[in-house]
2 protein chains.
Amino acid sequence: MSSDRTDLVPAAVPAARGAHATIHDVARVAGVSVASVSRVFNGRDHVRAAMCARVEEAAAQLGYVPHAGARSLSMARTGAIGVVLPDLHGEFYSELLRGMDREASMRGLGLLLTVLHEGRGVDTLAGLRGQVDGLVVMAPELDPAVLARHMPRGPAAVFLACAPQDGSLNLRIDNHGGAAAAVAHLAAGGAKRIVHISGPGNNFDAQERRAGAEAAASAAGVALSVIEGDFHEASGTKVGDRVAARTLQADAIFAANDMMAIGALMALKRHGIAVPEQVAVAGFDDIPLARLVNPALTSVAIDIAAMGARAVAHLAEQIAAKRERPLEGRVTTADEVIVPHLMVRETTRETGRG
Amino acid sequence: MSSDRTDLVPAAVPAARGAHATIHDVARVAGVSVASVSRVFNGRDHVRAAMCARVEEAAAQLGYVPHAGARSLSMARTGAIGVVLPDLHGEFYSELLRGMDREASMRGLGLLLTVLHEGRGVDTLAGLRGQVDGLVVMAPELDPAVLARHMPRGPAAVFLACAPQDGSLNLRIDNHGGAAAAVAHLAAGGAKRIVHISGPGNNFDAQERRAGAEAAASAAGVALSVIEGDFHEASGTKVGDRVAARTLQADAIFAANDMMAIGALMALKRHGIAVPEQVAVAGFDDIPLARLVNPALTSVAIDIAAMGARAVAHLAEQIAAKRERPLEGRVTTADEVIVPHLMVRETTRETGRG
DNA sequence: CTGAAAGCGCTTACAG
DNA sequence: CTGAAAGCGCTTACAG
């Protein structure tokens with residue numbers, strides 16, 4: 001309550017108590033106005049060197065650091081972007097985040113993670129308003145209309161591998177083409193009966209990959225049967241077990257992602273099936289793990305980290321554009337598609353084996 | 001500029017322009033005070049049902065969503081916690097984030113990611129003040145004094161696998177014990193000359209793991225030579241190559257993390273060295289990948305996701321405590337140590353092979 | 001170059 | 001139960 005040493009710097013008291021010094025404390029100690037303190041910290045206006053020095057000294061003495069929340073409220077800019085993901089499982093997401101972080105930190109932006117869990121879902125999105133400057137949303141299992149309804153109106157947005165949202169920039173993967181390439185490759189290697197382990201039926205990527213696989217199979221004149229998986233290893237294991245047990249006839253397996261392919265691969269090996277001689281296997285995503293399993297997995301490669309980085313870059317540009325021309329609302333840019341390429345490894349053969 | 005239809009709801013205009021409706025817009029449309037709007041949205045005070053209905057209707061009509069930034073400024077609570085990590089490379093971090101997210105989203109907290117990159121470093125930490133309620137910091141390569149100097153004073157903090165910070169809660173891994181167990185196991189399996197691929201010399205975990213390995217080796221009376229790696233696969237590959245080439249004499253390799261162990265394992269296999277018959281291999285962390293490589297990797301297992309979840313849980317409790325007794329400053333709790341256990345798989349043998 | 005004042009969008013004692 | 005007002009910690013026209 002009472003200060004025992006009023007002679008020196010009474011303003012230092014709050015800092016000592018654990019609370020942080022504010023811009024007012026600095027202004028008082030430096031003997032200037034808060035506006036001036038703000039100016040030396042933001043360094044845009046010209047300030048006399050003498051004032052600059054006094055303010056900096058006072059700030060140092062008080063251990064002053066500007067309050068990011070207050071700044072963002074008055075500047076209408078948070079410096080953070082929201083990343084909305086369906087899950088955090090597996091290497092796919094760590095690669096994606098790595099790419100996003102690379103780009104974001106280069107631009108001085110933070111990444112606020114929001115995972116769309118089963119229960120706690122889309123409704124959280126709107127709450128992001130005022131907390132981020134923009135959103136990169138990956139929600140392949142969400143109905144686009146539902147998603148649109150829940151998007152906060154303020155922030156800019158880029159959609160990644162979702163059912164396309166109109167009025168926004170969509171970054172799409174050419175799932176159809178990638179899957180078709182994989183199936184064509186299996187057929188060229190001699191496969192006659194391919195099993196496709198698809199992703200969940202409500203997943204947008206999964207639907208496209210399945211369609212691509214089916215198109216390529218019928219073009220090549222080979223049989224393709226589909227078994228629905230959930231993108232996790234275990235659903236691949238199950239299919240591998242069935243193929244090994246001959247409950248399911250197949251000389252090749254194409255899984256909609258690598259983890260399921262790896263599950264199948266492991267199961268086949270466990271049962272003594274020779275890969276690729278008896279059954280070939282291919283996946284999708286080309287996660288780092290793909291080349292480490294034995295035999296190394298053939299996969300449809302997308303540069304996941306680069307994709308994440310691109311999404312963030314686009315978003316940052318959109319945010320900047322909005323800042324310059326605030327009246328125009330959301331800028332509609334052409335969609336962009338990411339073209340995967342087939343990475344052939346040991347679980348398939350390049351040449352025909354007929 | 002001019003409104004063409006003043007008869008209806010002029011307040012709807014800003015929303016239509018892309019800008020968001022504010023609490024004032026809602027208040028005006030509902031014909032009540034902003035305080036009341038705030039009350040119905042926060043639902044703590046008693047409000048008459050009639051008012052409640054009017055406000056909700058107005059809000060719905062305007063598509064009003066509270067501005068998170070403004071709320072957090074006036075409530076001194078952001079609902080986000082900062083996660084400070086050295087890197088985002090590999091499965092270790094995706095597992096860690098998964099665990100953190102699990103706990104955080106259960107508690108309604110967001111996760112703001114901050115990666116400590118080479119250049120853009122510790123100085124960013126202080127800037128987190130006002131943007132998060134607390135921090136979980138993992139910075140094994142940072143000098144604890146430097147770290148302490150850069151920590152923002154406001155937010156609570158939990159340190160994860162760092163050189164211990166006093167005055168704060170530290171969640172430590174028993175690196176020494178884990179490494180010792182691995183080396184003891186290799187020795188029991190018959191190893192006489194073990195190569196330890198350590199982490200970077202300035203890394204806290206790496207130092208402890210190395211010390212544990214050395215202690216166990218000398219206790220078992222086996223030779224241990226140390227080669228410094230960088231926690232990435234390539235530095236393991238290099239050692240594997242040398243061991244295969246007999247440039248380096250070894251009948252066992254213990255790496256300070258799994259990625260280096262896998263690099264060594266792959267190199268040995270490529271050169272036709274039998275694992276574990278000729279050279280045994282063990283790693284540390286037990287990332288999901290460990291059991292998928294062939295042969296499956298023996299590793300010192302820590303439940304990475306659980307560790308992340310615990311860090312967040314502790315932090316959340318600390319934040320709550322601070323909120324109840326704001327005057328007490330940072331609460332000092334006893335440190336907590338995570339005890340790893342050895343996961344024996346195919347790259348080592350359980351029994352002696354003398 | 002500098003300061004006083006308004007404002008960012010909310011919440012919350014304080015009166016009524 | 002409800003409203004007017006102050007305040008959260010900053011920034012930024014607006015005057016000087």
Side-chain angles (χ1 to χ4, degrees), chain A residues 11 14-15 19-28 30-55 59 62 64-79 126-131 133 152-155 323 326, chain B residues 11 14-15 19-28 30-55 59 62 64-79 126-131 133 152-155 323 326:
Chain A
H20 228 106
T22 73
I23 198 172
H24 285 103
D25 297 321
V26 178
R28 185 162 4 110
V32 302
S33 73
V34 295
S36 292
V37 177
S38 174
R39 286 192 192 97
V40 345
F41 268 85
N42 293 297
R44 53 168 104 259
D45 292 311
H46 311 270
V47 262
R48 235 185 349 175
M51 141 116 32
C52 208
R54 274 165 65 195
V55 167
L62 295 173
Y64 171 70
V65 175
H67 187 283
R71 295 194 82 212
S72 77
L73 181 58
S74 82
M75 299 177 74
R77 164 187 202 290
T78 66
L128 255 28
R129 156 168 121 93
Q131 204 163 186
D133 296 330
R153 230 167 338 185
R323 187 157 292 282
Chain B
H20 228 105
T22 74
I23 197 173
H24 284 102
D25 298 321
V26 178
R28 185 160 6 109
V32 302
S33 73
V34 295
S36 292
V37 177
S38 174
R39 287 193 191 96
V40 346
F41 267 85
N42 292 297
R44 50 168 107 260
D45 291 310
H46 311 269
V47 262
R48 235 186 346 175
M51 142 116 32
C52 209
R54 276 165 65 197
V55 168
L62 295 173
Y64 171 71
V65 175
H67 186 285
R71 294 194 83 211
S72 76
L73 182 58
S74 82
M75 300 178 73
R77 164 186 203 292
T78 66
L128 257 27
R129 157 169 121 91
Q131 205 163 186
D133 297 329
R153 230 165 337 183
R323 188 158 292 283

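Proteins get letters first, then strands, A, B, ... in listed order; numbering begins at 1 in each. Since this is a predicted model, take the numbers as computed values, not measurements.
Residue Gly79(B) comes nearest to Asp133(B) through the heavy atom pair N-OD2, 2.7 Å, listed as atom of the first residue, atom of the second, then distance. Across all non-hydrogen atoms, the minimal contact from Val65(A) to Ala126(B) is CG1-O, 3.3 Å.
Heavy atoms of Ser38(B) sit under 4.0 angstrom from at least one base atom. Within 4.0 Å of Ala35(B), counting heavy atoms only, lies at least one base atom of the nucleic acid. Across all strands shown, Phe41(A) has no heavy atoms under 4.0 Å from either base or sugar-phosphate atoms.
Arg54(A) has its CZ atom 9 Å from the P atom of dT2(C), to the nearest Å. Computed from coordinates, the Asn42(A) CG to dA13(D) C1' distance equals 15 Å when rounded to whole Å. Separating the CZ atom of Arg39(A) from the P atom of dT12(D) is a distance of 10 Å, rounded to the nearest angstrom. Atom CZ in Arg129(B) sits roughly 10 Å away from atom C1' in dC10(D) (whole-Å rounding). Atoms NE2 (His24(B)) and P (dC10(C)) sit 9 Å apart, rounded to a whole Å. Look at CE on Met75(A): it is 14 Å from C1' on dA13(D), rounded to the nearest Å. Summarising the geometry, the separation between CG on Asp25(B) and P on dC10(C) is reported as 9 Å, rounded to the nearest angstrom. In this structure, CZ of Arg77(B) is placed 12 Å from P of dT11(C), rounded to the nearest angstrom.
Side-chain proximity of Arg71(A) to dC14(C), dT2(C), dC10(D): nearest is dC10(D). Comparing atom distances between the Val34(B) side chain and each of dG9(C), dT11(C), dC10(D) picks out dT11(C) as nearest. Between dG3(C), dG9(D), dT11(C), one nucleotide has an atom nearer to the side chain of Ser36(A) than all others, and that is dG3(C). Residue Ser74(A) has its side chain nearest to dG7(C) when only dG7(C), dT2(D), dA4(C) are considered. When each of dC10(D), dG9(C), dA4(D) is scored by its nearest atom to the side-chain atoms of Leu73(A), the top-ranked nucleotide is dG9(C).
With a 3.5 Å ceiling on both atom-pair distances, the Watson-Crick or G-U wobble partner of dC1(D) is dG16(C).
Contact annotation: Arg48(B) side-chain N/O to dC1(D) OP1/OP2 distance is not under 4.0 Å. OP1 or OP2 of dG9(C) has not a single side-chain nitrogen or oxygen of Thr22(B) nearer than 4.0 Å.
Here the side chains of Arg323(B) and Arg77(B) are in contact, with some heavy-atom distance below 4.5 Å.
Taking the P atoms as reference points, dA6(C) lies 23 Å from dT2(C), given to the whole Å.
At distances below 3.5 Å, at least one donor-acceptor pair connects side-chain atoms of Arg54(B) with backbone N or O atoms of Ala30(B).
Distance CD1/Ile23(B) to CZ/Arg71(B): 9.5 Å, rounded to 0.5 Å.
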